Amino acid sequence: MTDQDEGVSTLAKQGSITFVGNVVNGVFGFAIVMLMTRFVSPSVYGLFVLATSVILFMQVFANLGLPLAIDYFVPQYLDEKEYGKAKGVIVQVTATVLVTSSVVAFALAASSELFGELFQEPSMRIALLFLSVTIPMLAIYNVLLTSYYSIKKLQYRVIMRDLVRPIVRFGVTAGLLLVGYGLLGLIVGYVVGLFVAITIGAAVFTYKAWDLLSRPVEFVSPGPLVTYSVPLAMTSVVFVLMGHVDYFVLGYFLDSDDVGIYRVGYMLGSGLMIIFNSLSPVFKPLIAETRDDIELVERRFRIMARWIAGITLPIAIVLSLGASSYLAVLYTPQYAEANAVVALLAGAFLFNVTFGGPDGSLLQGLGYSRIVFANTLTLFGANFLASVALVPVLGIEGAAIGSATALFLVGGLTLFEIYVLDGIHPFTRDFAKIVGAGVPAAIAGVPVVYFLESDLLVAAVLPIAVVGTYLFTLIATDAFTDADAQMAAEFSPTLEKWLPVGPFDR
């Protein structure tokens, strides 16, 4: 057995922590949308989605991508024991984004009436006036998140992002909706949840990172920060382009209720991001600190790709086959109209997250921020043009095709670029076994969908049939490796004992 890579243990340990947080966050995320879809109409929910989309879109440009510099430069300074410079990066980024985001927030509040006229929604003006205060709040929120990533203490990020924020937001929103506050209840719940999360997150980070924050600050040259960060400001637009620009196009060509229905379908399809989002925050710093050792980078990338594909593939199959049933059960039957949206996005997200994700975390870790910027520009054109061309003809399915096109495009570009630049690729015999196991799993799920008439029964039986067949196929093809055992050991020693790793792998 070869020497174990400690980075794999770190990836698994921190990834398991963020996975638990993402599950909790996802549960509350689905719960709050279920709450909204039952207490407000699709048109009111769609208006709220449009307003928050504008906020998130503007916020991308408000922080100039600078929070992304924290989890790139801070790990390097910490590794070199230059603690003053590590603190300097955090201080400089925080001060800068506070100023820029406040300016953008003021500009948005002043122009809120124009957005209302653009989308032909008079209530949009009021929503944006209230929500504009969240732009500087979101900037600080992102600074805190990347600060946790940089010191690899993701359990505290889980407290802020995955526990405090969704719990507070759900409680406040539910209370206000129950007493009759429709759109205003949604807005206040969003603002209060964010404010409480930032307050607690800042307190926890100050306490847990006091050894770093108490060091004398040593400011670093702003040149490298800006050179790295500003191109990546556009990479954050990727997330907006995948969903929020679709909302803008839908809001312009169609009605706000179509925006609400599409949002529900998009949310269900993008649930595949949960595994990637669990591993990505620690994956980028692990790549950044060893970016000169290409062999080690490739080994870590292959392990991450296999685990993401292995866990995400059966979920994608379940969501694609049972989209109508899950939409009807989780929300209401009127949202089953988004079944094609779920199926399209599930396949696209599966491909994309396996090979680096929509934000290009592998390329970011290797320092190729300008390439990620170029990828993002390509994505913008592909997503926007496809959506504008197809939404008037196909409706919400046209928006889904636009997003899926962008997701497939960035995944393919990432694969091509890392191979040309550093000769890295994830394709091995072990990876092929992971992908191949999806074929019998999909075949096993088809009869469940076609022969069971109850949506509730389909929703319950389909995961058992698909996941059971998938695991059986993995065992039958001896798909588990020694690296899998190392990862599993960090999740649970019991899981490692039950993992069928072959004797030659040991």
Side-chain angles (χ1 to χ4, degrees), residues 6-7 9-11 13-15 17-18 21 62-102 136-165 195-230 232-233 280-293 361 364-367 369:
E6 291 301 320
S9 298
T10 303
L11 183 64
K13 185 179 298 183
Q14 296 296 323
I17 292 170
T18 56
N63 63 32
L64 302 176
L66 285 172
L68 295 170
I70 293 177
D71 62 347
Y72 179 73
F73 287 101
V74 171
Q76 297 178 50
Y77 286 131
L78 292 178
D79 187 57
E80 297 167 0
K81 303 193 183 310
E82 296 184 281
Y83 301 108
K85 290 184 178 180
K87 178 182 176 181
V89 171
I90 297 175
V91 171
Q92 287 172 256
V93 169
T94 302
T96 304
V97 299
L98 267 178
V99 174
T100 56
S101 61
S102 297
M137 292 169 65
L138 285 167
I140 299 302
Y141 181 77
N142 288 326
V143 166
L144 284 170
L145 286 180
T146 51
S147 296
Y148 284 129
Y149 301 160
S150 66
I151 61 175
K152 302 189 187 75
K153 298 295 184 182
L154 302 189
Q155 61 268 40
Y156 308 124
R157 169 258 208 184
V158 168
I159 294 173
M160 179 181 73
R161 196 201 77 157
D162 301 322
L163 296 177
V164 174
R165 186 181 180 188
F195 176 78
V196 174
I198 291 171
T199 302
I200 293 179
V204 171
F205 182 74
T206 301
Y207 176 71
K208 294 297 181 180
W210 183 249
D211 183 59
L212 171 63
L213 297 180
S214 61
R215 304 281 180 138
V217 65
E218 184 178 348
F219 292 114
V220 301
S221 171
L225 297 181
V226 174
T227 302
Y228 179 81
S229 302
V230 171
L232 290 180
S280 179
V282 70
F283 178 66
K284 176 185 170 182
L286 282 176
I287 294 299
E289 68 188 21
T290 59
R291 65 192 185 281
D292 295 326
D293 188 344
S361 59
Q364 287 189 42
L366 289 169
S369 59

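None of these values were measured; they are calculated from a predicted model. Values below: every heavy atom of this structure, side chains too, minus hydrogens, waters and symmetry copies.
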key: side chain to side chain contact (heavy atoms under 4.5 Å, CB included) partners of Pro224, counting only residues at least two apart   = Phe73, Ser221
Minimal non-hydrogen separation, [X] against [Y], with atom names:
X      : Y      : value
Val97  : Pro67  : CG1-CD, 4.1 Å
Ala69  : Leu225 : CB-CD2, 4.2 Å
Ser102 : Pro136 : OG-CB, 4.1 Å

ask   = Got Tyr148 and Val204 here, is their nearest side-chain heavy-atom distance under 4.5 Å?
value = yes
ask   = Any side-chain heavy-atom pair from Ile70 and Ser147 closer than 4.5 angstrom?
value =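 Touching, per the 4.5 Å side-chain cut-off.
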request  = Mind jotting down which residue pairs meet the side-chain hydrogen bond (donor to acceptor under 3.5 Å, both in side chains) criterion with at least one end in residues 196-212? Sequence neighbours excluded, please.
outcome  =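 Applying side-chain hydrogen bond (donor to acceptor under 3.5 Å, both in side chains) to every pair that reaches into residues 196-212, excluding sequence neighbours, yields Asp211-Arg215.
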task = Only pairs at least two apart or in different chains count here, so list each side-chain hydrogen bond (donor to acceptor under 3.5 Å, both in side chains) that has a residue in residues 85-97.
result = Glu82-Lys85
[atom1]/[X] to [atom2]/[Y] distance, rounded to the nearest 0.5 angstrom?
X      : Y      : atom1 : atom2 : result
Leu144 : Met160 : CG    : CE    : 5.0 Å
Asn142 : Ile198 : CG    : CD1   : 9.0 Å
Leu213 : Ile90  : CG    : CD1   : 6.0 Å

task = With sequence neighbours excluded, give me every salt bridge (Lys or Arg N to Asp or Glu O under 4.0 Å) pair touching residues 136-151.
result = none
query = Hey, does the Lys NZ or Arg CZ of Arg165 hover above the aromatic six-ring of Tyr141, less than 6.0 Å from the centre and inside 45° of the axis?
reply =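 Judged by the rule, Arg165 and Tyr141 form a cation-pi pair.
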request  = Kindly determine whether Val93 and Thr146 satisfy side-chain contact (heavy atoms from CB on, under 4.5 Å), including the steps that lead there.
outcome  = CA-CA 11 Å; Val93 169; Thr146 51; over 6 Å; no
request  = Using modelled atom types only, decide if a donor and an acceptor are shared between the side chain of Tyr77 and the backbone of Gly84 within a distance under 3.5 Å.
outcome  = no
request  = Just jot down the side-chain hydrogen bond (donor to acceptor under 3.5 Å, both in side chains) partners of Glu218, sequence neighbours excluded, or say none.
outcome  =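 Here no residue qualifies.
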